[in-house]
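These notes concern the structure reproduced below.
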Amino acid sequence: MSITEQESAEMKVVGTRISRPDGVDKVTGRARYGADLMLPGMLQGATLRSPHAHAKLISIDTSRAEALPGVKAVVTRDDFKDQPSEIVAAGELPVNYRDVVRNMMAREKVLYDGHPVAAVAATSMSVAKKALKLIQVEYEVLPHVINVVDAMKPGAPILDENLRTQGDESAPDTPTNISKRVQTGFGDVDAGFAAADIIVEREYDTEPVHQGYIEPQACVASYTEDGHAEIWVSTQGHFLIRSFTARLCGLDVSKLKVTPSEIGGGFGGKNNVYGEPIALALSRKAHRPVKMVMSRNEVFRATGPTSGANMKVKVGCTRDGKITAADAVLNYQAGAFPGSPVMQASMTAFACYALENVRVVGFDVVSNRPKVAAYRAPGAQVVAFGVESVMDEMAKKLNMDPVEFRLKNAAKEGVKASFGPTLGPVGLVECLEEIKSHPNYSVPLGPNQGRGVASGFWFNIGGETCVNMNLSEDGTVALMVGTPDIGGSRASMSMMAAEALGIDPKSVTVSVGDTNALGFNFLTAGSRTTFASGKATVEAAQKMILELRSRAAKIWDISVDAVVWEEGEARPASSNAGDFEPLTLAELAKKAPKTGGPIAGHAETNVQGAGPSYASQVADVEVDPETGQVKILRFTVAQDAGKAIHPSYVEGQYQGATAQGIGWALNEAYIYDENGRLENPNFLDYRVPVASDLPMIDSIIVEVPNPNHPYGVRGIGETSIIPVTAAIANAIESATGKRLLKLPMSPPEVLEAIEGNA
Amino acid sequence: MTKQHVTTSINGDEIEFLCETEQTLLDILRDELQFIGTKEGCGSGDCGACSVIVDGRLVCACLMLGVEAQGKKIETIEGIATKEELHPLQQKFIDHAALQCGFCTPGFLVASKALLEKNPNPTETEVRYWLAGNLCRCTGYDKIVRAVLDAAQEMRGASA
Ligand code: FES
Ligand code: FES
């Protein structure tokens with residue numbers, strides 16, 4: 001494990017590797033996740049789902065289910081009010097309330113295999129399942145369309161008769177599956193290509209893949225007769241669950257309390273509502289708490305995979321390796337409702353390069369698949385497969401080392417980013433240099449072995465954040481944040497609080513507050529938690545320190561300006577201020593009742609100034625010429641963290657993101673039959689990487705501080721998934737001489753490529 | 001419907017329960033007996049989140065019926081630590097940051113314990129293949145494998 005950390009002399013806690021505060025609960029089985037809450041009188045909920053990819057919903061007869069002993073409530077589309085068209089931010093992707101209510105429970109039509117049609121609550125799961133079989137649904141099956149290119153063709157089955165292409169003046173005023181056209185870029189692309197000596201242009205296809213969190217969606221909802229309600233749920237954003245559920249169930253927002261459970265992975269897939277409003281509607285009807293837990297089959301069929309895409313990428317270059325123009329057309333699957341991450345894809349496509357002429361046109365396309373959800377750097381990972389493959393091919397044509405080629409054209413501070421603004425300090429060059437000098441980049445390769453590199457960029461975000469910090473009477477600190485802890489963020493929060501207060505992180509207990517305990521917090525998404533909740537935590541600590549200084553000033557009867565806070569205690573600023581013994585946090589806490597009452601700090605803010613994070617990677621593979629099987633021999637990641645608060649969990653993010661990318665590259669895909677039914681909705685047939693598929697993943701933490709965070713944090717959760725598929729495709733090309741243009745690069749595909757031109 | 005009466009041992013305690021014939025051991029552990037540390041990730045034997053040890057053998061609790069627990073000795077995640085301290089595997093998982101969301105962790109710990117009971121000195125490859133039935137989507141397995149190897153080394157030292 002090689003770590004390049006600049007040991008920072010002034011920081012005592014930040015950058016160390018403490019034991020995470022929730023560790024013991026999680027290794028002993030005490031930690032409670034979404035499905036782990038049991039309430040008295042609780043019922044089991046279950047959902048009836050469409051077996052058809054596309055059909056009119058003619059009628060639903062629930063009378064026989066309702067008559068079954070043990071069934072306490074049944075709900076259908078009739079139990080939810082329709083919602084007008086209104087687009088709101090939900091995590092990293094915008095959604096329309098009109099679609100949210102339809103995705104939660106089908107109304108006029110079912111639009112994909114697995115689309116919810118009705119739900120029941122019963123005294124046991126076996127009764128609930130029997131009840132589902134008694135619900136009679138009359139469908140009128142319609143022609144369906146799965147593939148994105150097919151969905152764009154004239155004459156394709158239309159999902160929504162009212163849909164027109166936004167952002168495209170030339171689009172006809174007729175029904176379409178293309179919901180949106182976006183365009184980004186600047187300069188003169190045609191002139192850029194005219195000035196090029198070499199042009200590479202390729203077309204790529206990728207399949208949707210699932211986030212694959214191991215914990216299925218789960219919640220418990222409880223409605224009381226006076227119109228109050230509570231939901232316990234595994235989610236990345238309980239405040240958004242509250243907004244959406246209150247809206248869909250017609251409740252005042254403040255009457256609904258949402259408590260986040262421990263969360264068993266999300267990766268963007270738990271940014272949205274699925275069963276929560278249904279569970280609440282069932283509870284309202286049954287007058288009892290209702291638990292809804294998805295099966296793995298339901299998770300695959302009806303929760304968000306990410307977009308698959310068809311894309312064309314074209315890059316022009318001078319003979320000495322300077323890029324003159326970059327152009328791409330991206331067709332992104334949105335699933336059954338508009339809202340793919342095609343805008344993010346367009347903006348990030350060429351963000352690793354300093355360009356004068358760049359253009360990306362993107363299309364958002366609906367088809368009869370589950371509505372896509374965010375997945376780790378949504379959109380960026382898909383387009384990077386194409387862009388970073390083309391860049392590799394270009395380097396080969398130029399006879400240049402692929403890292404040198406990237407360094408020559410690298411985006412850096414002062415460069416106008418391909419998505420518009422001028423970049424501040426960023427770490428792409430540093431990442432590329434780390435890769436170049438890493439032993440992985442020079443190990444000799446054997447027969448059938450190859451090496452590939454690729455880079456990636458992600459914005460990271462800030463957003464609405466609210467935290468509370470309370471000083472307890474013994475001098476310990478209780479910190480409450482509103483961003484669910486998905487990968488160890490309570491550890492990093494306790495460390496930042498401890499650093500700011502000058503105390504031991506063990507004296508800080510961090511919890512994730514429910515929606516009544518704090519003001520609105522945006523999701524744990526966009527790599528924002530350690531950045532935004534961390535920044536708010538430091539701000540809260542600073543407010544608490546100001547209060548502590550003023551209490552000490554009161555005790556000493558001097559001005560607050562004459563008191564400083566150092567190493568966890570109040571001290572006179574200088575000998576001029578007076579000769580007083582320092583007052584520790586514990587002493588000030590003890591004296592608090594007599595100096596003005598409880599001492600607290602808080603912050604409520606819309607955090608700005610997220611620092612983009614770049615990554616570069618090198619992959620070594622061995623391709624079995626008999627079977628087409630690709631084995632990952634070595635993998636090294638360099639990513640700019642800005643500052644690693646807890647280096648072990650930063651490495652863990654790099655390694656986890658890389659493993660997901662490896663699954664995406666080699667195995668994972670949604671496979672539909674001719675009727676539009678998902679053929680592989682289980683972990684046996686949708687194969688995510690297991691321990692024996694992978695080597696150790698070497699993680700290099702590059703630290704180019706973000707000037708907008710007190711400790712320099714950027715956000716590290718996402719970028720490392722972006723370059724993986726292209727790094728592996730480039731390595732396969734280096735091993736076999738064959739370039740794969742389609743994901744996944746599964747053994748049959750690789751074998752066909754090898755034998756096709758042999 | 002008629003429920004079956006089952007007597008079994010869980011983490012050393014004799015336990016009786018009533019069970020529908022189609023309920024799995026996982027349903028019984030979680031829903032009837034509140035051993036919620038054992039997790040359900042798939043219900044089909046593909047993820048290992050429900051790993052328990054039955055009469056010394058590692059099994060997926062979702063693939064075994066509750067009635068089959070009759071007369072058996074079952075160990076779950078809740079039984080791994082002694083009263084005084086964490087099992088070395090548990091401590092090493094924390095030390096190595098071998099968990100992120102922690103949902104897969106009970107299954108990995110139970111499976112790793114079963115491995116080290118059979119093979120106290122596994123190679124990295126042996127650890128990776130033994131744990132290939134347990135899915136983790138967060139960590140990329142790197143730190144899990146290191147934690148298991150480190151725990152094995154410590155346990156060998158302790159028993160030497
Ligand atoms: S829940 Fe038993 S193997 Fe997944
Ligand atoms: S730590 Fe999340 S699945 Fe393993």
Side-chain angles (χ1 to χ4, degrees), chain A residues 1 17 19-20 22-33 35-36 38 124-126 211-216 262-267 293 295-297 486-488 646 648-649 651-660 662 682-684 688-699, chain B residues 1 20 22-23 27 30-31 34-47 49 76-78 80-81 86-87 89-91 93-107 109 124-125 127-146:
Chain A
M1 202 180 328
R17 298 174 187 249
S19 290
R20 64 192 280 171
D22 54 328
V24 171
D25 277 357
K26 286 184 172 161
V27 299
T28 54
R30 280 190 186 89
R32 290 195 308 164
Y33 294 80
D36 296 338
M38 319 285 167
S124 74
M125 201 53 184
S126 57
Q211 295 81 355
Y213 36 80
I214 309 299
E215 180 202 27
E262 294 293 341
I263 172 170
F267 315 108
V293 181
S295 66
R296 181 56 54 183
N297 173 292
I486 206 161
H646 192 309
S648 298
Y649 289 99
E651 291 158 4
Q653 289 293 319
Y654 297 1
Q655 292 162 344
T658 299
Q660 286 183 319
I662 291 171
N682 59 67
F683 276 138
L684 189 62
V688 306
V690 299
S692 53
D693 294 332
L694 301 177
M696 293 295 184
I697 296 162
D698 215 346
S699 312
Chain B
M1 84 202 53
E20 290 174 25
E22 76 247 34
Q23 278 181 302
D27 295 335
R30 290 184 49 81
D31 300 340
Q34 321 264 301
F35 283 93
I36 56 148
T38 307
K39 300 301 182 199
E40 175 161 356
C42 68
S44 56
D46 299 314
C47 79
T76 72
I77 183 66
E78 287 88 351
I80 286 192
L86 296 178
H87 186 279
L89 277 162
Q90 292 173 310
Q91 189 57 51
F93 266 58
I94 297 177
D95 296 347
H96 284 264
L99 53 143
Q100 286 176 30
C101 78
F103 192 80
C104 68
T105 307
L109 286 166
E124 181 191 329
T125 304
V127 171
R128 287 187 179 276
Y129 276 88
W130 181 270
L131 294 178
N134 290 76
L135 300 181
C136 174
R137 193 60 159 172
C138 297
T139 63
Y141 306 103
D142 182 303
K143 292 178 190 299
I144 293 177
V145 174
R146 288 177 200 276

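As the structure is a computational prediction, the values presented were derived from the model and not from experiment. Lettering of chains follows the sequences in order, A, B, ..., and the numbering in each one begins at 1. Excluded from the calculations below are hydrogen atoms, water molecules and symmetry mates; all remaining heavy atoms, backbone and side chain alike, are included.
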Heavy-atom contact with chain B under 4.5 Å, split by part of [X]:
X: Ile697(A); answer: both
X: Tyr654(A); answer: neither
X: Met696(A); answer: both
X: Gln653(A); answer: both
X: Thr28(A); answer: both
X: Ala35(A); answer: both
X: Ser648(A); answer: both

Quick one: [atom1] on [X] to [atom2] on [Y], what's the gap to the nearest 0.5 Å?
X: Ile486(A); Y: Cys138(B); atom1: CD1; atom2: SG; answer: 7.0 Å
X: Glu651(A); Y: Lys143(B); atom1: CD; atom2: NZ; answer: 3.5 Å
X: Ile214(A); Y: Leu135(B); atom1: CD1; atom2: CG; answer: 5.0 Å
X: Lys26(A); Y: Ile94(B); atom1: NZ; atom2: CD1; answer: 11.0 Å
X: Arg20(A); Y: Asp95(B); atom1: CZ; atom2: CG; answer: 12.5 Å
X: Cys101(B); Y: Glu262(A); atom1: SG; atom2: CD; answer: 9.5 Å

Residue selection (most heavy-atom pairs with chain A, distance under 4.5 Å) from [options]:
options: Cys47(B), Gly37(B), Ala132(B); answer: Ala132(B)
options: Leu109(B), Asp27(B), Asp46(B); answer: Asp46(B)
options: Thr38(B), Thr105(B), Thr139(B); answer: Thr139(B)
options: Gly41(B), Gly133(B), Cys104(B); answer: Gly41(B)

Side chain from CB out, backbone as N, CA, C, O: work out which of these in [X] comes under 4.5 Å of a heavy atom of chain A, or both, or neither.
X: Tyr129(B); result: both
X: Ile80(B); result: neither
X: Leu99(B); result: both
X: Phe103(B); result: both

Could you check if a side-chain atom of Val24(A) sits within less than 4.5 angstrom of a side-chain atom of Gln90(B), using non-hydrogen atoms only? no
Are Gln211(A) and Arg137(B) close enough, and set up right, to give a side chain to side chain contact (heavy atoms under 4.5 Å, CB included), and what steps lead you there? CA-CA 8 Å; Gln211(A) 295 81 355; Arg137(B) 193 60 159 172; 5.9 Å; no
Whether the side chain of [X] engages the backbone of [Y] through a donor-acceptor N/O pair (distance < 3.5 Å, no angle test) should be reported.
X: Tyr141(B); Y: Ala659(A); result: no
X: Arg296(A); Y: Ser44(B); result: no
X: Gln100(B); Y: Gly652(A); result: yes

Most contacts with chain B, counted as non-hydrogen pairs under 4.5 angstrom, among [options]:
options: Gly264(A), Ser19(A), Gly265(A); answer: Gly264(A)
options: Ser295(A), Ala31(A), Pro216(A); answer: Pro216(A)
options: Gly656(A), Gly266(A), Gly488(A); answer: Gly656(A)

Set out, in order, the CA-CA distance, both residues' side-chain angles and the distance that settles side chain to side chain contact (heavy atoms under 4.5 Å, CB included) for Asp36(A) and Lys39(B), then state yes or no. CA-CA 9 Å; Asp36(A) 296 338; Lys39(B) 300 301 182 199; 2.4 Å; yes
Just jot down the salt bridge (Lys or Arg N to Asp or Glu O under 4.0 Å) partners of Arg128(B), sequence neighbours excluded, or say none. Glu124(B)
